[in-house]
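Just so it is clear, the model here is predicted, and its values are computed rather than measured.
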Amino acid sequence: MIAKIGKGSNMYGAILYNQQKVDRENGAVLLLNKIPDTMDGRYSVAYFNKCFEPYLSANIKTEKTVRHISLNPDPKDEVSDEQFTEMAQEYMERMGYGNQPYIVFKHTDIDRMHIHIVSTCVGIDGKKIPDDYDHPRSMAICRDFETKYNLHKATEQEQKQANKVFKPVDYHKGDIKSQIASVVRHLPKYYSFPTMGSYNALLSLFNITAEEVKGERNGQPVNGLVYVAVDENGNKASNPFKASLFGKDAGVAQLQKHFEQSKEKMKTNPVRSVLKNTVELAMHTTSNEIEFRKQLTEHGINTIVRRNDNGRIYGVTFTDHESRSVWNGSQLDRNLSANVFNDWWNNGNKPELKTQDNPLSKTNTIDNQPTKDLFEFIPQEHSQNFDIGLFSLLPDAQGVDYKEETFAKRMKKKKRRLQ
């Protein structure tokens, strides 16, 4: 089992991310700790957020007051709701959050069933709960869970996946062909992307770009593809490599089939609505492009912005690593098109929030009052500001917590020095 600890400041966003999955029957609330039930047993983002407000206002010095934790068993493990609930309670107790308000959500929208816990690191007295040794304590708890519940050991899982994790191309290291191959041979197996533009948006996360090459051979039109490594600024940093060097999945013909399959699959994918709402929330809770990108990254979503030589934005693409799908902004909604973002980031015209377009804002709001006064307890906030990089969000890396892995390596080195 792997635990990932997200630290952030946007409680509303963290709750919305999870509650949307519940509302769309892709998740469930397993447990409420120190959060009162409603009269009718129904919950909303507004209600949960209101419950956390007293905790958030009790401490104005701590920047990242939200804790968004996920507990991830191996996909082969079968864990019941009762076991997930027990794990969440024990985990929070041993991490020092047992007396904090928190919500336990189960996610069922991907094959790897797992839980998310939203809480806060601010106590009822306004003091921050110490978190200096979160990761070693979290590692120890996960190892205990593996024994207690007979789960696959994360160390074994990491060894199996060590050679499969996608990594960005580093042109300084040489052997660029092999680096590109390790990415382009496998991306279509995991991600849905409906156009060449969305494919290139995904490739850009790995410092790769694909270019179509058109011409004639023996009087017949030829349509090919080459791959090129790029540097951190998007400039070409290698010679082009023919797609044929990387197998049929990297070529134009097979990619065209993948585009069509992706289009059909994404037409009915429920993640579209969830992603749309998540992007809209980021638009209306951030003030600039940097904050916007950062907030979505915390939700496992990368934003790729395409600009022309004059700086005008002509394309915005969102890569959702949890659903493994790539979406153009206009594909999600016309209000998320490139022109809207260009008008905001280049001209200072921030779009207005249209609450009527958000079904969550109209249902189960604060009308569902708790069975006791909201302020008799002081809950905490949660935000999805994961302190992890892109590559722990990728499919084959989903079971690897890189902070945990780095800590373990550091401890091994220290142990060797002491011997």
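- D131 has a carboxylate O that lies under 4.0 Å from a charged side-chain N of R67, or vice versa, which qualifies the two as a salt bridge.
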*May I have the step-by-step check of side chain to side chain contact (heavy atoms under 4.5 Å, CB included) for V230 and N235, ending in yes or no?*
CA-CA 5 Å; V230 297; N235 301 315; over 6 Å; no
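- Ion pair K267/E264 flagged as a salt bridge, since at least one NZ, NE, NH1 or NH2 atom sits closer than 4.0 Å to an Asp/Glu carboxylate oxygen.
- Qualifying side chain to side chain contact (heavy atoms under 4.5 Å, CB included) partners for S204, counting only residues two or more places apart in sequence or in other chains: I304.
- Note that the CD1 atom of I2 and the CG atom of L71 stand 10.5 Å from one another [nearest 0.5 Å].
- Atom CZ of R324 and atom CG of L187 lie 11.5 Å apart (nearest 0.5 Å).
- Not less than 6.0 angstrom separates the ring centroid of Y227 from the ring centroid of F241.
- Annotation: the span from K177 atom NZ to L245 atom CG amounts to 5.0 Å, rounded to 0.5 Å.
- Heavy atoms from other residues, nucleotides or ligands lying under 6.0 Å from CD of E232 number more than 12.
- No donor-acceptor pair closer than 3.5 Å links the side chain of Q331 to the backbone N or O of P194.
- Aromatic rings from Y102 and Y97 are positioned such that their centres are separated by 6.0 Å or more.
- A tilted orientation is assigned to the rings of H116 and H114, their planes being inclined by 30° to 60°.
- For K257, the NZ atom sits in a loose shell: 12 or fewer heavy atoms of surrounding residues, nucleotides or ligands are nearer than 6.0 Å.
- A ring-centre distance under 6.0 Å is found for F341 and F292.
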*Do R94 and D144 pass the salt bridge (Lys or Arg N to Asp or Glu O under 4.0 Å) test, and can you show the C-alpha distance, the side-chain angles, and the key distance before you say yes or no?*
CA-CA 12 Å; R94 293 174 61 177; D144 289 346; 2.8 Å; yes
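- The pair K236-E211 meets the salt-bridge criterion, with a side-chain N (NZ, NE, NH1 or NH2) lying under 4.0 Å from an Asp/Glu carboxylate O.
- Ring centroids of Y17 and H299 are separated by less than 6.0 Å, placing the two rings close together.
- Residue V326 comes nearest to M266 through the heavy atom pair O-CE, 3.0 Å, listed as atom of the first residue, atom of the second, then distance.
- Separating the CD atom in Q256 from the CD atom in Q261 is a distance of 11.5 Å, to the nearest 0.5 Å.
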*Take D81 and K106 through the test salt bridge (Lys or Arg N to Asp or Glu O under 4.0 Å) and record every step on the way to the result.*
CA-CA 8 Å; D81 288 354; K106 181 175 76 169; 2.6 Å; yes
*Take N277 and R24 through the test side chain to side chain contact (heavy atoms under 4.5 Å, CB included) and record every step on the way to the result.*
CA-CA 12 Å; N277 288 335; R24 301 187 186 283; 3.3 Å; yes
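- Applying the side chain to side chain contact (heavy atoms under 4.5 Å, CB included) test to V271 and every residue at least two apart in sequence or in another chain returns N269, D320, S323, S325, W327.
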